[in-house]
Number of protein chains: 2
Amino acid sequence: MGKPSEQRKQEIIDATLDLAASLGVKKVTTQAIADHVGIAQPTVFRHFKTRDAIFVAAISSIGEGLFRNLAAFFSGTGPADERLHQLVRAQLRFISQKRGLPRLLFSDRLHLESPLLKQAVQKIMNGYTQQVSRMIREGQAAGLMRQSLDADESAWLVAAMIQGLVMRWSIFDFDFDLAAEAEPLWGFIAAALLVEKGG
Amino acid sequence: MGKPSEQRKQEIIDATLDLAASLGVKKVTTQAIADHVGIAQPTVFRHFKTRDAIFVAAISSIGEGLFRNLAAFFSGTGPADERLHQLVRAQLRFISQKRGLPRLLFSDRLHLESPLLKQAVQKIMNGYTQQVSRMIREGQAAGLMRQSLDADESAWLVAAMIQGLVMRWSIFDFDFDLAAEAEPLWGFIAAALLVEKGG
DNA sequence: TATAATTGCAAGCAATTACTCACTTTTATA
DNA sequence: TATAAAAGTGAGTAATTGCTTGCAATTATA
């Protein structure tokens, strides 16, 4: 034994997300993590100072993965509406493979207990909506999207829809195909944002 | 002492929601509830068999309050779009006074631990979207709303937007006026749902 | 007023769990 | 190969916390 720390850290993060997905955050004890990784429980604390630090690292890990996954659409060159459509699709596909995310996102650990964790999430959400807002302004500048809607507000609402969708997915125990919701979701967003194509 | 049980039950529910709003669900211990009500901790168990039963009762209490509050808009007589607008406004106003709600809704207690609590929430969500879906179909029948959008899907997405909004409100520590978000939210929903008024 | 049910409490149990400590083994490096 | 740092462990601790129990006070009712 005695793996390099970075590797073990990632194993611990992966175990945390796996366990959160299947058992819920509360049952992700340091013992459960250790068992899942195959190390002793005190060893977990060799790699993370506290249990909360593990959750923060897990959220950050997903956040980075998300941005890596969506970067192409944020800064692509095609028309803004098509890129937004693809963004929504890619995002739901990504999240549908990360069931641990809603479990962490909707945990009460997040919602008052751990300021650090909350800050990490706030940062991700702010970064995300800024990018979407920029895309909407591009769409407006290109005459593709309604001038009447405020870009920032609309970006927040698009984000809110996705969050609400993910929340329903989690509350209903992942019992529908999240990625498949991309099309009706885009139908709604397009109806709201895009200017009517005159016949 | 020795109040009638129904009164004490309500006091316990109110205390639970108060504490959840200010401290987060995890810190709502039976001891904290007892202190807040002004009774001894074991006395709590005279009125609720388990701690979870308290949360279920609290969620149900809010659910009933919500439907009581929105019933008029669900079954009103005016045009569907105006009623939906008012519904959104009333709903956000109602929720903005119930900060304990998102704390419970986004607690990990809900998200795998307590099937009863989850069922209670699923029931409320289903009932809500059914009503909204019906309103949208009325709007479509009256020629006010786009035929191209599926009423059920749209109802879920409207609900998702509100949930996402409430979630942001909670993550950002209630630091913006939730009720004031009703107008931009309606602007977006209206753009999506309503048929363009031909000039 | 006698009786039974309800509401109340102090004390404590049993289980959980994040985290520490003393110590050994492995890995890296000079 | 000698040495130090890193990674690992078994055993244990301290704190929390949902819930039980035995008993007293209150309330309702006959």
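A, B, ... follow the sequence lines: proteins, then strands. Residue 1 opens every chain.
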Base, backbone or nothing for each nucleotide of nucleotides 20-25 of chain D, written B, S, -, heavy atoms under 4.0 angstrom, 5' to 3'?
-> B-BB--
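- What separates CD of E6(B) from P of dT6(C) is a distance of 13 Å, to the nearest Å.
- Whole-Å rounding puts the D35(A) CG to dA18(C) P distance at 12 Å.
- In this structure, K27(B) places its NZ atom 15 Å from C1' of dA15(D), rounding to the nearest Å.
- The separation between R51(B) atom CZ and dT16(C) atom C1' is 14 Å, rounded to whole Å.
- Nucleotide dA18(C) holds its P atom 13 Å from the CD1 atom of I12(A), rounded to whole Å.
- Atom pair I54(A):CD1 and dA18(C):C1' shows a separation of 10 Å (rounding to whole Å applied).
- Figure legend: cation-pi geometry between R89(A) and W186(A) absent, as NZ or CZ is not positioned both under 6.0 Å from the six-membered ring centre and within 45° of its axis.
- A straight line from NZ of K26(A) to C1' of dT16(C) spans 9 Å, rounded to a whole angstrom.
- Looking at the side chain of T29(B), the nearest of the listed nucleotides dG18(D), dA7(D), dC9(C) is dG18(D).
- Between the side chain of R103(A) and the backbone N or O of V25(A), no donor-acceptor pair lies under 3.5 Å.
- The distance from atom CG of D35(B) to atom OG1 of T29(B), rounded to the nearest 0.5 Å, is 7.5 Å.
- Side-chain N/O atoms of T43(B) include none lying less than 4.0 angstrom from OP1 or OP2 on dT7(C).
- Rounding to the nearest 0.5 Å gives a distance of 7.0 Å between CZ of F48(B) and OG1 of T16(B).
- Among all heavy-atom pairs drawn from M135(A) and A80(A), the shortest one is O-CB, 3.5 Å.
- dC9(C) atom P lies 11 Å from atom CD of Q31(B), rounded to whole Å.
- Residue order along DNA chain D, read from the 5' end via each residue's closest nucleotide, puts G38(A) first among T30(B) and G38(A).
- Taking CG of L92(B) as the reference point, atom CG of D177(B) lies at 9.5 Å (rounded to 0.5 Å).
- In this structure, H47(A) does not reach the dA6(D) phosphate: none of its side-chain N or O atoms is under 4.0 Å from OP1 or OP2.
- A donor-acceptor contact under 3.5 angstrom links the side chains of S133(A) and R137(A), judged on distance only.
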